[in-house]
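Some notes on the structure that comes next.
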Amino acid sequence: MRTKRAADWTPSATLPNTPVSFTGVTYSEMLDRARALAPAIGARAGECEKLRRLPDDTERDLHRTGLFRMVQPARVGGADLDIGILVDTCAEVARVCPSTAWNLGNLSSHHWMLGYFHPEAQDELWNGSPDVLIATSLIFPAGRGRKVEGGYEVSGRWPLSSGVDNSDWNMLAFMVRESEDGPPVDQRFALIHRSQYEIVDTWHAMGLSGTGSKDVAVKNLFVPDQRTLSAWSLNGKPHPGSAVNTSPLFRLPMLALGPYVLSGVLLGCAQGAYETVVGAARKRNATTTGQPVGASQSVQIKVAEASVRIDTADMMMRRACEHAMTVARSGAEPTHEDKLRYRRDAFFSARLCLESVDILMGIAGSSGLYLGGSMQRLFRDAHAANAHVMFSTDVQGSLFGQHALGMGGPPPLL
């Protein structure tokens, strides 16, 4: 059994040397910081794809502005903002580089997730650096855990650990079974330092290629109890971190709202595509007729159809996040119906964004194919983002439909 100690860890060189507090930075101020960074991030979009990871300069910019810490507890200097900030900031960044936005949503949300762990685990990481970056792989069947004295022995190989190259720690999901071939009795997350796992370079992808979503492997690693968390602790009820993180943000059902960590990426892809294509269409003549593209009624209708999809998706995402915050502020626990509705609205709003990108790609025509332009990246990355299970119509839609129709079944992990 591997027992290598990781509590006394050394922060990576790209983390800030001097801690800065972002407590008190408002929602609008944080959004303005994302907008201000967009030109620099957009200029590095090609580099991000070539590196297949977040560039160090971009990581430093996101640290400097506090964007990585927008949903971190205020007690450690985080901004502790409403959950909708993830949608809005990621949308701004995704207009110019969806891969960076994907890593921003993921890595910032893991400060939120760490706030649900036992306070001892929180202190182990944030005392080392409040800017620590934490990757994840939330694929429970990829990991196996066995209860042992003082913790769990964990093994597995997990795919799609976005941002792993930039991260000092990882939260890896695993199944706990009473016997080797028995049914699962719990689903947990293990908090593991990068010195304790292997990064397997598998991420050669046609979309979101700059996210560095590589595999991670662990064998027979002992993880102490305080560095593990049951997934059921993320259901909007009191959890191990409730004693120290008391703001409404940490009363939310995190698993039910998980899609909104990343849905802003799809929204930003659609918004960026609209700006790119409609802006160009105002000045472009059709190659077949020589007439202005904008004079075509079919193009006019397609622009309207894309626009209403984007606006509707934006409203749906915003409504879900605002509703969840209202419930949390009231002191009530979210209902099962609310959680299913959050998931339903997430997959459908993502679908609307993808449809708008496809409509706009049709308007762009051959001009959207050039690697030197942004449309091809927005098109590829929107399709890659939509492949996430959180946006699956078959998975998320069936959860809502099963409940609405009164069909029995095991309770979903929400």
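Since we're looking at a predicted model, the values are computed, not measured.
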| Distance, nearest 0.5 Å, that separates CZ of R60 from NE2 of H63 | 9.0 Å

| Check against salt bridge (Lys or Arg N to Asp or Glu O under 4.0 Å), E49 and R44 | CA-CA 9 Å; E49 290 193 323; R44 299 184 196 121; over 6 Å; no

| field | Heavy-atom side-chain contact between R157 and V218 under 4.5 Å | value | no

| said: Quick check: do S349 and R309 have side-chain heavy atoms less than 4.5 Å from each other? | reply: no

| Judged by atom type as modelled, is there a donor-acceptor pair below 3.5 Å linking the side chain of H239 to the main-chain atoms of F250? | yes

| task | Apply the test salt bridge (Lys or Arg N to Asp or Glu O under 4.0 Å) to residues D345 and R341: give CA-CA distance (whole Å), side-chain angles for both, the deciding distance (0.1 Å), then the verdict. | result | CA-CA 6 Å; D345 289 0; R341 192 174 295 109; over 6 Å; no

| Between L229 and L234, is a side chain to side chain contact (heavy atoms under 4.5 Å, CB included) present by the stated rule, with each step listed? | CA-CA 9 Å; L229 179 73; L234 305 177; 3.9 Å; yes

| In Å and rounded to the nearest 0.5 Å, what is the CG to NZ distance from N235 to K237? | 6.0 Å

| note | What one should report as the nearest heavy-atom pair of R194 and V164 is NH1-O, 3.9 Å

| field | Backbone N/O of G128 and side chain of W9: donor-acceptor pair under 3.5 Å | value | no

| request: Run the numbers on T100 and N103 for side-chain hydrogen bond (donor to acceptor under 3.5 Å, both in side chains), then give the verdict. | output: CA-CA 5 Å; T100 296; N103 274 330; over 6 Å; no

| query | Without hydrogens or angle criteria, can the side chains of H383 and D358 be said to hold a donor-acceptor pair below 3.5 Å? | reply | yes

| Steps toward side chain to side chain contact (heavy atoms under 4.5 Å, CB included) verdict (L62, L104) | CA-CA 8 Å; L62 295 170; L104 172 60; 4.2 Å; yes

| task | Could you walk me through whether V223 and E153 pass the side chain to side chain contact (heavy atoms under 4.5 Å, CB included) test, one step at a time? | result | CA-CA 6 Å; V223 182; E153 185 181 280; over 6 Å; no

| W112 backbone acceptor or donor facing S109 side chain under 3.5 Å | no

| message | Side chains of R177 and R144, heavy atoms from C-beta outward: is any pair under 4.5 Å? | response | no

| query | Can you tell me if Q187 uses its side chain to pair, donor with acceptor, with the backbone of A231 under 3.5 Å? | reply | no

| query | Has the side chain of D338 got a donor or acceptor atom that lies under 3.5 Å from a matching backbone atom of P334? | reply | no

| field | N/O donor-acceptor pair under 3.5 Å between R251 side chain and S242 backbone | value | no

| request: Nearest 0.5 Å please: distance from the CD atom of Q396 over to the NE2 atom of H388. | output: 9.5 Å

| said: Less than 4.5 Å apart, side chain to side chain, heavy atoms only: is that true for V93 and L37? | reply: no

| task | First locate atom CG of L172, then atom CZ of R188, and finally report the distance between them rounded to the nearest 0.5 Å. | result | 14.0 Å

| Basic-acidic side-chain contact under 4.0 Å: R52, D165 | no

| query | Does G210 offer a backbone N or O that forms a donor-acceptor pair with the side chain of S99 under 3.5 Å? | reply | yes

| message | Please check this pair: side chain of R284 against backbone of G294, looking for a donor-acceptor N/O pair closer than 3.5 Å. | response | no

| field | Pairwise ring pair (Phe, Tyr, Trp, His ring centres under 6.0 Å) hits with a residue in residues 258-309, at least two apart | value | none

| said: Whether the T14 and D56 side chains hold a donor-acceptor pair (N or O, under 3.5 Å, no angle test) is what I'd like checked. | reply: no

| query | R69 and V20: which non-hydrogen atoms are nearest, and at how many Å? | reply | NH1-O, 2.7 Å

| task | Let me see the working for W203 and S209 under side-chain hydrogen bond (donor to acceptor under 3.5 Å, both in side chains), right down to the final yes or no. | result | CA-CA 7 Å; W203 190 245; S209 56; 6.0 Å; no

| Between the side chains of S161 and S137, does any donor sit under 3.5 Å from an acceptor? | no

| task | Would you mind telling me which of Q72, M70, R33, E29 makes a side chain to side chain contact (heavy atoms under 4.5 Å, CB included) with F22? | result | R33

| said: Would T202 and D215 count as a side-chain hydrogen bond (donor to acceptor under 3.5 Å, both in side chains) here? Give the steps. | reply: CA-CA 6 Å; T202 54; D215 285 16; 3.0 Å; yes

| said: Please identify which of these residues, F174, W158, F140, W169, meets the ring-ring contact (aromatic ring centres under 6.0 Å, His included) condition with F189. | reply: F140

| said: Is it the case that the side chain of R344 and the backbone of L340 share a donor-acceptor pair, with hydrogens and angles ignored and the cut-off at 3.5 Å? | reply: no

| message | Ignoring hydrogens, what is the shortest heavy-atom contact between P119 and P240? Give both atom names and the distance. | response | CD-O, 3.4 Å

| query | CZ/R351 to CZ/F347 distance, rounded to the nearest 0.5 angstrom? | reply | 5.5 Å

| query | Looking at side-chain heavy atoms only, is the closest gap between L249 and D82 below 4.5 Å? | reply | no

| said: So which atom in A270 and which in I310 form the shortest heavy-atom distance, rounded to 0.1 Å? | reply: O-CD1, 3.5 Å

| task | Could you tell me whether the side chain of Y27 and the main chain of I85 form a donor-acceptor pair under 3.5 Å? | result | yes

| request: Inspect the contact between R64 and D57 and indicate whether a charged nitrogen and a carboxylate oxygen are less than 4.0 angstrom apart. | output: no

| task | Go through the side-chain N and O atoms of N127 and Q122 and say whether any donor and acceptor fall under 3.5 Å apart. | result | no

| query | Passes salt bridge (Lys or Arg N to Asp or Glu O under 4.0 Å), D80 versus R75? Steps please. | reply | CA-CA 9 Å; D80 212 330; R75 72 180 184 86; over 6 Å; no

| query | For G105 and V261, which heavy atoms make the closest approach, and how far apart are they? | reply | O-CG1, 3.1 Å

| task | Go through the steps for D225 and H118 under the test side-chain hydrogen bond (donor to acceptor under 3.5 Å, both in side chains), then give the verdict. | result | CA-CA 9 Å; D225 279 322; H118 191 282; over 6 Å; no

| request: Keeping to residues at least two apart or across chains, list the ring pair (Phe, Tyr, Trp, His ring centres under 6.0 Å) pairs with something in residues 294-329. | output: H323-Y342

| task | Apply side chain to side chain contact (heavy atoms under 4.5 Å, CB included) to the pair W126 and L114, showing each step before the final yes or no. | result | CA-CA 10 Å; W126 285 328; L114 181 59; 3.4 Å; yes

| field | Euclidean distance, L252 CG relative to K339 NZ, rounded to 0.5 Å | value | 11.0 Å

| message | Tell me whether F348 at atom CZ has more than 12 heavy atoms from other residues, nucleotides or ligands lying less than 6.0 Å away. | response | no

| note | With S12 as partner, the option from N166, D131, D168 fulfilling side chain to side chain donor-acceptor pair (under 3.5 Å) is D168

| task | Specify the closest pair of heavy atoms between A190 and V154, including all atoms of both residues, with the distance to one decimal. | result | CB-CG2, 4.5 Å

| Any L31 side-chain heavy atom under 4.5 Å of R35 side chain | yes

